[in-house]
Amino acid sequence: MKKLKSIFTGIFIASILSLPLNSCKDYLDVNNNPNYPTDGTLATLLPSACATTIAQYGLNGVILGTMWLQHTTQGNSTNQYNTTVNYTFTTASYNAIWTNAYANTLPDLKLVIERAEKENAWNYWVIAKILTAYNFHMLTDLYEDIPYTEALQAEAIKQPKYDDSKSVVYPALLKMLDDAIAKESDATASSNPVLTKQDLFFKGVISKWIAFAKSLKLKIMMRDFNTYKTQISSLLSAGGLLEENCAVTTFEDATNKGNPLYEYNIRQLNTTENIRACHTLCEFLLNYSDPRIENIYELTAVASGKIAKGETLTYAQKYEGLPCGTKPPTSGNGSVPLTNSSKFKESFSDPVYLMNDAEAEFLIAEAYARIGDSGKAKTYYDKGVTKSFDRWKESASKASTFITDGGAYAFNASTTETMVKSIMTQKWISYAKANALDGVFDRNRTGYPSIDPSSVVRVSDSDRSKGLTSGYILGTLVAPGATTLQPSEFPRRLLVPDASAQYNVNAPKTKALGVPMWWQVASGK
Amino acid sequence: MLFNLNLFYMKKIALLLAFFAIGLQVLMAQTKEITGTVTSADDGGGIPGVSVSVKGTSLGTITDMDGMFRLKVPQDSKTLVFSFVGMQTQEVAIGSQTKINVKLMSENIAVDEVVVTALGIAKSEKTLGYASSTVKSDQLDMAKSGSVMGGLTSKVAGVQISGAGSTGTSQKVLIRGISSLNSNNPLYIVDGVPIDNSRNGNNAADFGNGANDINSEDVESVTILKGASATALYGSRASAGVVMITTKKAKVESLTITYDGTFSASNVLRVMQTQNLFGQGWGTWDRAENGSWGARLDGTTHEWGSEMLETPMTKPYSYVKNNLRDFYQTGFEKNNSVTLRYGTENVGVVASYGNLNSNGILPNDGDTYDRNTFSLRGFAKVKKFSMDMSMNYVRKDIRRTDGMDMELLQHGVDVSFSDQKDYNDVRYNTDNYYTWYAQNPYWMIDNNYYKYQDDRVYGKIEMSYELMKGLKATGRLGGDFSNQRRDNVDAKLTYSDGSYSQEGGKSEELGYYSKYSYNRSQIDATALLVADYKIGDLSIGGTAGWNLNQRIYNYNGGYVQGLDIPGWYNLLNTTSSATSDTYNSSRRLIGAFAQAELGYKNTWYLNLSARNDWSSTLPSNDNSFFYGGVNTSVILTELFPTLKAYKVDYLKLRAAVGQTGNDADVYKTKNWFTPLDPAIYTYNYTKLPIGGVSGLTENNTMASQILKPEMTTEYELGISGNFFNQRVSIDLAYYNKQTKDQIISAALAPETGYTRETRNVGKLENQGVEAVLTVTPVRTKNWKWDVGGTFSKNNSKVKELWDGLQEYTYTSWRGIEYILKVGGPIGVFRLPSVATVKDQSSPFYGYRIVSNNGFLTASSTDKDIVGASQPKFTVGFNTSLKYKNFTFSAVADWRKGGYMVSNTSYISHFNGNSTQTVFNERNSFIYPHSVKVVAGNYVENNIMVRSDQMSYAQGNYSYSPTALREFILPKDYFKLREVALSYDFPSKMFENTPIKKLSLSIVGRNLLLFTPKENNYVDPESSNLGNDLLSEFGETTGTSSTRSFGASIKVIF
C-alpha cells in the first residue's frame, strides 16, 4: 500500500511540476496551418488567375451572352435559366461574377505583379497587368461604376469607394495597358524566368499578349469613339493587333477540368436539356443556309434518327429552335417535343475566349467604318467573317460565297450606319459559341442587333411549316416571353450585387436593369 | 464467505474484479448481532436485496425477501449504511441498538439533492447559486430511445433538443437559445472528462454525434449546466453550456446482473401531403414528367410510362393514396444490454455490454444502424487513496442512402411508387423509368449510399489522495479516440442505346466513389486540489487546479468523380486519376482555475470562481484570457423557519453572474494558399491542374493577428422551492446573456480582395425565463400521480454587428435570406417583395405589377421580413401515474412560433404536388389589384394567367414571388414524444429464483405530431443542416422522422 501511495504521489507531483509554464509558448505554437502553403509563387499564382478569369466568363458570361443575344434559350422541359431569359434579375443574381473577379482573380494577379517586380520577372508582370486590365474592364462594362482605386486593399480599406466608369476606370485601364505594352522588351529579355504552360492563354509568348493588349485597348476606346478618335487612328496605323484567339483551349474530359459551361450545364446538372436553339439566330442561319449552324446547334433527335437510317436532310429539317423566353409545352397541342428541337452544341473541349479572332477583325473594321475608310472597313469585315467561318472545320473556307459581291453577307458600304450594321450583324453571329457576353456589350453600344418590340420570330412555335411573323426582320431581337422589361428594352447592366451592397457602405443604390450606361445607346434602341 | 455471493457468478467476474480487489479485509473482533427490516417509504412494503453494511468496513449483508436482515457487527461499529438501487442511501447510527428498522425513500423525492457540478465535484443542491437541471436515469430512459440526448428531450427547461429522428442520427442541443454565430454546441462531459460531440456526416447522411455513442443504460443521470457562472470552471469550451453525464456506479451491493431488452417497430411519422386533384404532366399531360401540373385527375385508364415497352403499361389517371407513406417499410429495432455490478465500501465495478441494432424505415434495408458498446467502470479506495476509472469501447456500423429523399418528392401524384419496387422489371428499370428527371427511388437506395464504420475508445483514470483532513488532491486523465471509415458510392449509370431514357435526354450518372478515414483524438488532463473545512457556523471550501486539453483531427482519403467500370468501387476505377485529400489539425489549451466557497450555517452560500486560459488558436503573442463568476444562494426556509408553518418545505433564492471566454477555431491567424478547387470556391466549375498546370490561389478569408476571445457574460436570478409536504415544487429562473466579440468569418465586400475576414464582431443578447413546476396531486399507499411542466422563453436580440453594419446575411437560398439585423432577433427570414407601384401620385399606387404574361413580379430592391427562426416559447409536459406496481408516464411538448425554410415545400411547389399549388383549382385568373406596364405607363392589368401556365404562376418562385413565401413554414408543433406503461412484478414471485427484479414495459415514441395547416410538409424538427445556427435555417430534404412502438423487459439477477 505504501508503495502505491508513493507512486501516486510521485505521479501527482510530477504532473504538477510539468505544468508547461515556461514552455507554454512553444507548446501552444501549433496554429500554423500544416495543410497548405502560406505563400504562392509566380508559377502557381498565374495559372490560378488564368483559370479563375475564365471560370465565370466561360460559364455565366456565356450563359448571359448567348441567351440575351438569342442564340439560345431555355429549353421547354426544364427551368434552369428561366430568370436569365426573361430578365428577372435581383441584386442576388450572378453575384459570382463579381465575387470571383474581385476575390479570386484580381488578388492573385496583384500578388503576381508585386512579386514580379521584386523578382524582375517582367514576362509575368506584363501578362498579369494585361489580365488585370481585362478583368476590370469586364467588371466596369457589366456594372458601370466599380471599386477601382481603393479595391483590393483589405488590410487598409474595408469599404472601397466606387469609381466613375468614364472618368476614372477607363483612363486607368488604358494606362495600365500602355504600361504593359511599354514593357515588351523587358518582358522578352532572357533574364526572365521560364514561363510557358503557366500561361493558359498564350503559353508565355509575350508578343501575343502585346497584340491582345492593343486589341483590348481598341475595344475599350471604341466605347467612346469620339473621345479617342486620334488614338484609335494611330493604334490602327501602328498595327500589331491580335490576329488569333485569346483563349484557353487545354481542357480535359474530366470533372471540373473541361469547359466551365460544359462542366456545369452538361456534366454536373441533372439534365442536359436546358440550353436550346433560339428561333432568333436559328432562323437567321437557316434562312441563309449558313454552315456555321452545324457547329452551333445539335441535330434534333428526330433528324439524327433519320440520318442514321440513311436519309439526307436539309438544314431546315435538321435544326429547329424554340421561341425566346416563352416555352411551348413538350407534348399536346402547340407543343415542341424534346426530340424536335436542337440543343446548343457543347463539348468539354470548347475554348473559353477572352477575345476571338473574328471579333478582333470586326473591331478594326468598325473603327475604319467610323473613321470613314470604307475600303479598309470592308477588308477587315471580310477577314472577320472569314475567321468566323474558319473557326470550325465544317464551315472553313465557306465564307467567300457569302461575302462576295451579291452574297448574302456582302458588305454594305453605303453609309457609316450600313457599314456598322453589316459588321455588327456578322459579329453577333460570330459570338455564338465564343465570348457572347461581349456581344451583349456590342449590342448595347451600337444598337445592333436592334430590337423588334412588337414581334415574335415565327408565326408558330410548333408548326414545321413555320414562316416568319409578318414584318419581322431577320437578325433583330424580340422581346422574350414574360419579360420584366418593356418589350423594347434590353438588359444594360448587372445590378449592384448584394455581395457588395450589404457590406460596403459606399456601394451605390443600384440602377435598374434597363438603364443604359454612359457608353451605350439610348433606352429603346 | 462474508457476502451472499453465488460462486458461479463470482468466478465469472473474478478476472474483472482482480484489478479492483484491493484491500478486501477480513477482520473480526468482538461482535454483536443487529436485526431489522427495511421498508419502502412509498408503500411500506419490505424491500429485498437492500445492501446493509457497516460504514468504513467491508462487513455487510443484504435483506431477504421480506426486507429483513441479520448482521453480526464488531462492538465498536458506529454506523450502518443501507443502500439500494433507485433509493436514497441512508446511514443510521448504531449506538446500543440491536434492532434497526429503516424506511428508504426513492431517489426522486429527495429534499436535499446532491448534484454534480463543474469538474465532477458533488455538492448539495442548496449551495448552488445557479440553475442546474438533473434528469435521472428512470426518466431519461423511460421510452427506451437508446439515446441519452433523445431521452432528455423536452424534460429540461431552457434546453431545446431536436434530431433528424431516425436511429443514430445526431441531436441538436441548444441551451438558452442561439448566443453565438460561431458555435452553440454545449460541452459534453462524461464522468468529469470531456468527450467529442462532433457531428459525423453531411447534409445527405447523418452518422450521429459523439453523445450517440453512450449506451443510455449506462447513464445514471444527466445534469445540464446552463449559465456562465455554472460553467466558468470548465473554461472556454463551456460557453454554450455543459451537458454532464454521470454513469452508474457500483454501490455497496452484492453482484447483480441486469438485462435490459427493448424491441420496437417504427414507421414514418410525417410525409408531405400531396394535392389530389391534378395528375402527371407539365402544363398538359406528359408521360415523362416528374410532377403534377397535368390535367385534372379523371380516373380514366390510359397509357403511361415508357413508350418503348412491347406492351405499354396502362393505369387509371387517379390519385394514389398514401403513396409516400407506402413507400416506407416498418423499421425494427432491438436494444439489448447486460450490466454486471458489484461493490463494497472500498471497491466497486460495473461492466456492461450493449447492442443497439436498427433497420430503419427505408425499404431494401437502406437505412441500418448497429452500435456495440462495452463499458468497464470501477473504483477502489484504500485509506486516503482512491482511484476511479472507466473505459468504453464503441463500435458502429451504419448504412445510409445518398440523395434518395429528393427523388421521392419528384413524381406524378397518380404514379404509385410501391408498384415500381422491382427496378429489375423492364417496366421500371433505369432504361424505362417513367420520368426523365428523377430516378426510381428503390434503385437509388440500392445504388447510391454511404457506409460508415467507427471504433471509439474513451475513458478516464482518476486518482485522489487525501493530503490531510479536508484537503484532497486529484489527478484526472481523460481520453477520447475515434477512428472512422466512410465509403460513399454513387453508381455509374448509362442508358441503353435507343432506350426511353436515352431518347428522352436523361442525364447519365457519372458515378462517384470516395473513401475516407477520419481520426479524432482528445486528451484532457486535470489536476485539482480540493479543500473543505468547517469552522463553527462557517463552511469554507476551495478548489484550485490546472487543465490541459489537446484535440487532434485528421482525415485522409480520396475520391473519383466519374467511374470507368460500373459496379467497381475503388479509387483505381477512373480513366483519369483519383483525387487524394488529406487534412490535419491540432489545437491545445491550458487552463488554470480556482474556486472558493463560503457557507454560513445552512442558510447562505457564496461561490467565487475564476479561470485563465491559454489557447493555441489565438494570436501567439496574446493568447491568454481570464474570466470568472460569482453566485450566491439564500435558503429562505432556514432564514425564516416559520415559513414551514405555511407549508413551505424549502425555498431558495439564488443569483449569479458569470463570464465565459471562448477561443477561435484552428488556423484563423495566418493566411494560406489553396489549390483552385470548386469544393472551396463553390460557384466555379474549374479545377486545376488542367493540362499539367497546377495552381494556388489565396484563401478568400483574411486571417487576423489581433483576435480576441469571444466573451459571454450572463446574469441569472432564480427561486426554487418545495411546498405542501413535497407535493409542489417550482423552479424559476431569469437570465440575461450577452455575447460579444464573437469570432466569425465576417463577410467582406469582395472588392476588398477577400469575401470574409476572421474577426471579432458584434454583440448578441439572449434573455429569458425558465420555469419548472411539478405537482403531485395524489400520493397514497397505492397511488402516486405526478404532473410536471417546463416552460422556456428566450428572446434574442442582435445588439451590434460590426463597423456600423445594420444587417448581415448569415445564409441564403433561392432568394430567401437568413439575416441578422441590428435590433431584431437572431436569424430572421427575408425575401424579395412583390413589385408594387411606388409612385404616390399614380392612381395605381400600391398596386402589384405584373409581367407581360400576367405573373406577379418580384421587386429587385424591396424585401419583406417574414419572421424569426427561434420559437416564441416552448412548453414541455410530463406526467406519471403509479398504481401499485404499474406506472404510466407520458411526455409531450409544444413549440410556439418561429419559421423554417423547407426544400420539401419548394420542390413540391415546383412540381405541382403541394396542396398550395391547387389555389383556385388552377383555373385561369387575373391577379386582382394589379397593373401591367404599357409604354412606360401603368395600366390596369387584364392579362389572364392561363391554367396551362400555373406551373410558373404558382410553383415557380422565379416567376412568382408569392410561391417563394410558401417555402417558409411555421415551425410550431405539438408532439406526443413518449408514452410508457410499465409493470414491476412483485418480488414475492421470485422467491427461490435468482431473479431479484423483473419489470415489463410498453413504450411509444413520437406518437403524434400536430402542425399548423401551412405546414403539411415536414416534421418541423427535421433539419439536415447540422446542429448549429445553420440548421435553424431549415431543411434541404433529409431523412424522415419516425414514430415507434415497442416493448421492453428488465431483469435483475
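The chains referred to below are lettered A, B, ... by the order of the sequence lines, with proteins before strands, and numbering in each begins at 1.
- Among residue pairs with one or both ends in residues 81-90 of chain A, none qualify as salt bridge (Lys or Arg N to Asp or Glu O under 4.0 Å); sequence neighbours excluded.
- Counting heavy-atom pairs under 4.5 Å between each of A:N256, A:T41, A:T90 and chain B puts A:N256 at the top.
- Taken to the nearest 0.5 Å, the NZ atom of B:K506 stands 13.5 Å off from the CG atom of A:L338.
- Heavy atoms closer than 4.5 Å to chain B are found in the backbone of A:F89, but not in its side chain.
- When each of A:L106, A:N60, A:N32, A:T52 is scored by its heavy-atom pairs under 4.5 Å with chain B, the top score falls to A:N32.
- The contact between A:A51 and chain B is made by backbone and side chain atoms together, counting heavy-atom distances below 4.5 Å.
- Residues passing the salt bridge (Lys or Arg N to Asp or Glu O under 4.0 Å) test with B:D286, sequence neighbours excluded: none.
- The contact between A:D39 and chain B is made by backbone and side chain atoms together, counting heavy-atom distances below 4.5 Å.
- No side-chain N or O of A:E252 forms a donor-acceptor pair with one of B:S576 less than 3.5 Å apart.
- Residue B:K668 touches chain A through its backbone alone, counting heavy-atom pairs closer than 4.5 Å.
- At most 12 heavy atoms of other shown residues, nucleotides or ligands fall within 6.0 angstrom of atom CD1 in B:I461.
- Looking at A:N35, only its side chain comes within 4.5 Å of chain B, counting heavy atoms on both sides.
- Across all non-hydrogen atoms, the minimal contact from B:G504 to A:E273 is O-OE2, 4.0 Å.
- Interface remark: A:N86 contributes side-chain atoms only to the contact with chain B (heavy atom separation under 4.5 Å).
- Within the model, atoms OH of B:Y957 and OG1 of A:T88 stand 10.5 Å from one another, a figure rounded to the nearest 0.5 Å.
- The candidate from B:L589, B:T284, B:I690, B:T674 with the greatest count of non-hydrogen atom pairs under 4.5 Å with chain A is B:I690.
- Using a 4.5 Å cut-off on side-chain heavy atoms (C-beta onward), B:E698 and A:K110 make no contact.
- For a residue to count as touching a neighbouring chain, one of its non-hydrogen atoms must lie under 4.5 Å from one of that chain's; by this rule A:L111 touches chain B with the side chain only.
- Considering all non-hydrogen atoms of both residues, A:K257 and B:K687 come closest at CG-O, 3.8 Å.
- Not one N or O on the side chain of A:D108 forms a donor-acceptor pair closer than 3.5 Å with the backbone of B:T697.
- Both the backbone and the side chain of A:T272 come within less than 4.5 Å of a heavy atom of chain B.
- Looking only at heavy-atom pairs under 4.5 Å with chain A, the residue among B:G562, B:S812, B:G283, B:P689 that has the most is B:P689.
- Side-chain contact between B:V693 and A:L200 is present, with heavy atoms from C-beta onward closer than 4.5 Å.
- Residue contact with chain B, scored on non-hydrogen atoms closer than 4.5 Å, is absent for A:Y87.
- Put simply, the side chain of B:W282 does not reach to within 4.5 Å of the side chain of A:S77, judged on heavy atoms.
- Residue A:Y102 holds its OH atom at 15.0 Å from OG1 of B:T755, rounded to the nearest 0.5 Å.
- Using a 4.5 Å heavy-atom cutoff, the side chains of B:Y685 and A:L261 are not in contact.
- Both the backbone and the side chain of B:A747 come within less than 4.5 Å of a heavy atom of chain A.
- Considering only heavy atoms from C-beta on, B:E757 stays 4.5 Å or farther from A:E155 through its side chain.
- Counting only N and O atoms by type, the side chains of B:E751 and A:S500 include a donor and acceptor under 3.5 Å apart.
- Residue with the most contacts toward chain B among A:P107, A:A55, A:A512, A:P487: A:A55 (heavy-atom pairs, distance under 4.5 Å).
- Only the side chain of A:T510 has a heavy atom closer than 4.5 Å to any heavy atom of chain B.
- In this structure, chain B has no heavy atom under 4.5 Å from any part of A:N95.
- A:T44 contributes no side-chain N or O that, together with a main-chain N or O of B:G695, makes up a donor-acceptor pair within less than 3.5 Å.
- Of the two parts of A:A499, the backbone and the side chain both hold a non-hydrogen atom closer than 4.5 Å to a non-hydrogen atom of chain B.
- Options B:Y583, B:Y437, B:Y808, B:Y754 differ in how many heavy-atom pairs under 4.5 Å they form with chain A, and the most are formed by B:Y583.
- Contact of the B:L696 side chain with the A:Y36 side chain is not registered, since no non-hydrogen atoms from C-beta on lie closer than 4.5 Å.
- Judged purely by distance below 3.5 Å, without hydrogens or angles, the side chains of A:N33 and B:K670 never pair a donor atom with an acceptor atom.
- With a 4.5 angstrom heavy-atom cutoff, A:P328 does not touch chain B via any of its atoms.
- A donor-acceptor pair is defined here as one N or O able to donate and one able to accept, closer than 3.5 Å; such a pair exists between the side chain of A:N31 and the backbone of B:Y667.
- Note on A:T83, A:V30, A:T250: by heavy-atom pairs under 4.5 Å with chain B, the leading option is A:V30.
- Of the two parts of B:V850, neither the backbone nor the side chain holds a non-hydrogen atom closer than 4.5 Å to a non-hydrogen atom of chain A.
- In this structure, B:L618 CG and A:L28 CG are separated by 9.5 Å, a value rounded to the nearest 0.5 Å.
- Only the backbone of A:Q153 comes within less than 4.5 Å of a heavy atom of chain B; no side-chain atom from C-beta onward does.
- Residue B:S586 touches chain A through both its backbone and its side chain, counting heavy-atom pairs closer than 4.5 Å.
- Looking at B:E817, only its side chain comes within 4.5 Å of chain A, counting heavy atoms on both sides.
- Between A:P260 and B:T686 the shortest heavy-atom distance is CG-OG1, 3.6 Å.
- With hydrogens and angles ignored, the 3.5 Å screen pairs a side-chain donor or acceptor of B:R588 with a backbone N or O of A:Y27.
- Residues A:N100 and B:N684 form a side-chain contact, since some pair of their non-hydrogen atoms from C-beta on lies under 4.5 Å apart.
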Stepwise side-chain contact (heavy atoms from CB on, under 4.5 Å) test for B:L688 and A:S48 | CA-CA 7 Å; B:L688 292 178; A:S48 266; 3.9 Å; yes

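- With a 4.5 Å cut-off on non-hydrogen atoms, B:T582 touches chain A through its backbone but not through its side chain.
- At a 4.5 Å heavy-atom cutoff, the contact between A:P47 and chain B is made by backbone and side-chain atoms alike.
- Counting heavy-atom pairs under 4.5 Å between each of B:D948, B:T809, B:L805, B:T669 and chain A puts B:T809 at the top.
- Atom CD of B:Q949 and atom NZ of A:K327 lie 11.0 Å apart (nearest 0.5 Å).
- The distance from the CD atom of A:Q159 to the OG1 atom of B:T752 is 9.5 Å, given to the nearest 0.5 Å.
- Inter-residue side-chain proximity for A:Y503 and B:L748 is flagged as unmet; no heavy-atom pair is nearer than 4.5 Å.
- With hydrogens and angles disregarded, no donor-acceptor distance shorter than 3.5 Å links the side chain of B:N671 to the backbone of A:T38.
- Ranked by heavy-atom pairs under 4.5 Å with chain B, the first of A:Q198, A:K343, A:R267, A:K197 is A:K197.
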